[in-house]
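Following: one structure in structure tokens, then a few remarks.
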Amino acid sequence: MRPKRDMLSEKIVETLRNAQIEIPESHEIEFIKEEKFGDYASNVLFLLSRKLKKNPQEIGKEVLEKIKDDSDYEKIEIGGNGFLNFTFSFDFLRKELKKVLEKDYFFFDIGKKRKVNLEYISANPTGPLSVVQARAGAYGNALANLLRFVNYDVFTEYYINDCGTQVDLLEKSLIYRIKELKGIKSEFPKGGYPGEYLIGIAQEILEKNLPEDKWRSFLLERIISWQKEVLNKFGINFDNFIYESSIIQYQKKILEILEKGNLVYEKEGALFFKSSLFGDREDRVLITKDKRPTYFLNDLAYHYDKIKRGFEIIINIWGPDHHGYIPRMVAGMKSLGFDTNNFLVILAQQVSLEREGEKVKMSKRGGEFITLEEVLEEVGSDPLKFFLLLRKPSQHLTFDIELIKKATKENPYFYVQYSYARICSIERYGKEKGYDLDKLLEDVNLEYLKTKEERSLMLTILKFKDIIIQAVKEFAPHILVYYLLELAEKFHYFYEKERVILEDLELMKARVFLVFCCRKIIKKILEILGITPLEKM
RNA sequence: GCGCCUGUAGCUCAGUUGGAGAGAGCAUCGGAUUUCUAAUCCGACGGUCGGGGGUUCGAAUCCCUCCAGGCGCGCCA
């Protein structure tokens with residue numbers, strides 16, 4: 001038996017199906033923004049009208065005939081332009097609301113326990129994390145939670161490029177600093193990292209009198225643990241940190257597989273992969289003419305490792321500067337025999353920073369650099385997460401440091417938290433008055449919920465499951481954030497008009513039930529977003 | 001030059017698989033509290049959806065073109 005998912009959209013589809021109405025493939029149920037038109041709308045009339053070459057209004061009349069009277073709806077109407085509009089009956093909403101506090105209300109099974117590897121941030125170990133990486137972090141973390149919530153088996157991973165040119169440059173920059181401290185003049189390496197953090201590490205090395213062959217590993221260890229510490233402060237945890245140096249053992253294997261498929265050739269002393277056969281604009285180098293493996297070869301080795309570990313879905317979140325890199329990776333995955341429908345790359349667009357209207361450059365090798373650590377200290381991890389998650393990842397994002405430092409009124413984070421705190425406050429007040437609320441709710445009669453504020457809040461609460469489905473489908477946690485704002489708005493609106501704790505015991509029970517449903521949803525979404533709800537403000 | 005992303009209210013952004021008078025927050029202005037937190041609520045102001053053309057019964061959404069910004073086009077990572 002298919003588990004019931006209790007989505008309002010599903011209810012409508014069921015209604016149409018029961019009435020023997022043909023439902024075309026691209027049928028959609030959407031929320032209606034304008035309350036006066038109804039709650040949910042179906043585009044079925046447009047679709048049928050195109051197919052049957054008939055006016056939507058005419059088809060609508062026939063459809064309404066077939067549906068006849070269904071007491072779960074207050075009304076079903078044909079909109080002016082041809083939408084089929086459904087307004088649920090208050091009784092139906094009451095019946096549905098009753099389910100929200102049940103234990104298994106949050107049961108979803110979209111993922112069916114499929115194994116997902118989600119890799120994100122994966123910053124080079126060459127310096128502090130920036131707010132740019134914080135965006136990918138907040139997004140990746142929320143996406144992982146969201147996918148877990150709908151029953152995917154998600155494994156999060158952070159890839160550390162501890163080999164290669166950038167790390168060499170970092171080491172050279174360190175050596176420059178050590179010499180500097182010793183009073184030896186030397187030239188700063190071209191393209192090196194001028195950040196002051198290297199001076200501290202250089203000092204430590206001198207104090208500990210470490211031998212030169214230990215410098216590099218000490219340096220990497222310092223920076224990586226520093227990055228981990230900041231991630232920890234930000235409230236983002238990974239199931240695994242994986243080192244490039246640990247996967248280079250698969251280089252040979254990759255070359256073997258590609259050779260077997262006749263997908264490599266030598267040219268001008270370098271070894272090329274025929275990625276252009278798979279839609280890439282040109283073939284790509286695997287081994288350079290001076291016989292060094294490229295980053296790409298190691299990346300293939302890393303993904304070979306992911307496949308070998310049995311992941312069915314592989315998701316990478318990359319910065320926008322990597323978009324040109326996607327075709328060759330897709331080509332590689334195909335060559336390794338992985339179904340590329342299950343290989344997803346999500347680009348998190350850049351974050352540009354302003355300080356009082358002036359652009360701030362964000363480059364480790366450049367001058368000014370705003371670290372995640374600095375922003376966390378000023379703003380706090382939860383408001384920052386909320387702010388970053390408010391935008392869809394494909395959107396370029398700018399914010400003013402001074403503005404986010406203020407981060408009080410401007411941040412809708414507090415609007416949502418306040419609604420949660422108010423509900424907790426209601427509970428405390430009720431207990432103070434001597435009511436055992438949990439006990440009282442065992443026998444609640446929702447007939448007492450009658451006002452339009454109550455109805456509006458109920459409907460918004462019940463949209464939750466449809467919102468989750470939509471957010472999963474689009475990999476878009478920001479949809480949850482916007483929903484959360486709507487839910488908080490509906491709650492505040494209700495709260496202004498109606499009291500919850502009052503003399504009329506039956507009415508109080510019904511309203512407590514309502515706000516507890518609301519709280520349960522807010523809490524769950526905040527949990528998905530990686531944000532801790534505040535019981536007091 | 002080619003490719004990708006972006007351009008929506010003064011600011012930051014939703015809406016972009018075509019659909020209802022184009023939305024929210026902030027800012028500005030006006031109003032609301034003997035009662036569970038006023039970090040709230042109500043109202044007003046504010047738009048050539050970058051410009052132009054096209055497809056359509058219907059376009060912010062699709063197509064073409066132009067303009068502006070960002071990013072990429074390494075045998076770097």
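Bear in mind the structure is a predicted one, so any value in this text is a computation, not a measurement. Throughout, protein chains are lettered first and strands after them, A, B, ... in sequence-line order, and every chain is numbered starting at 1.
Using a 4.5 Å heavy-atom threshold, the side chains of Y413(A) and D382(A) count as touching.
Side chains of N85(A) and K36(A): no donor on one and acceptor on the other come within 3.5 Å. Residues N161(A) and Q166(A) bring no donor and acceptor atom of their side chains to less than 3.5 Å of each other. Using a 3.5 Å distance cut-off with no hydrogens or angles, the side chains of E453(A) and Y495(A) do not pair a donor with an acceptor.
Among the heavy atoms of the strands, none lies under 4.0 Å from F296(A). Using a 4.0 Å heavy-atom distance criterion, H478(A) is classed as a sugar-phosphate-only contact. At the heavy-atom level, R422(A) lies under 4.0 Å from the strands shown only through sugar-phosphate atoms. Using a 4.0 Å heavy-atom cutoff across all strands shown, Q417(A) reaches no nucleic acid atom at all. Within the 4.0 angstrom heavy-atom criterion, base atoms lie near F37(A).
The shortest distance between the side-chain N/O atoms of H492(A) and the OP1/OP2 oxygens of A38(B) is not below 4.0 Å.
In the set A77(B), C36(B), C75(B), C36(B) carries the atom at the smallest distance from any side-chain atom of Y429(A).
Of the residues near RNA chain B, P320(A) and A270(A), the one whose nearest nucleotide (by heavy atom distance) lies more toward the 5' end is P320(A).
Using N1 to N3 plus N6-O4 or O6-N4 for Watson-Crick, or N1-O2 and O6-N3 for G-U wobble, each under 3.5 Å, C13(B) pairs with G23(B). When Watson-Crick and G-U wobble pairs are counted only if both distances are under 3.5 Å, C29(B) pairs with G43(B). Base pairing of U34(B) is not made with any nucleotide, judged by Watson-Crick or G-U wobble geometry with both donor-acceptor distances under 3.5 Å. With a 3.5 Å ceiling on both atom-pair distances, the Watson-Crick or G-U wobble partner of C73(B) is G1(B).
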Under 3.5 Å, side-chain donor or acceptor atoms of residues 322-330 of chain A against the rest of the protein: list the pairs with distances, not counting sequence neighbours.
residue, atom, partner, partner atom, Å
H323(A), ND1, P320(A), O, 3.4
Y325(A), OH, D299(A), OD2, 3.0

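Taking the side chain to side chain donor-acceptor pair (under 3.5 Å) definition, one finds that Y40(A) meets it with D466(A), sequence neighbours left out.
Applying the 5.5 angstrom centroid cut-off and the 30 degree plane-angle cut-off, the aromatic ring of F46(A) is stacked upon the base of G19(B).
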Could you run through nucleotides 4-10 of chain B and give me one letter per nucleotide, 5' to 3': B if any protein heavy atom sits under 4.0 Å from the base, S if only the sugar-phosphate is that close, - if neither?
-> BBS----
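Ring orientation note: the planes of Y159(A) and Y302(A) are close to parallel, at an angle under 30° on the 30°/60° scale.
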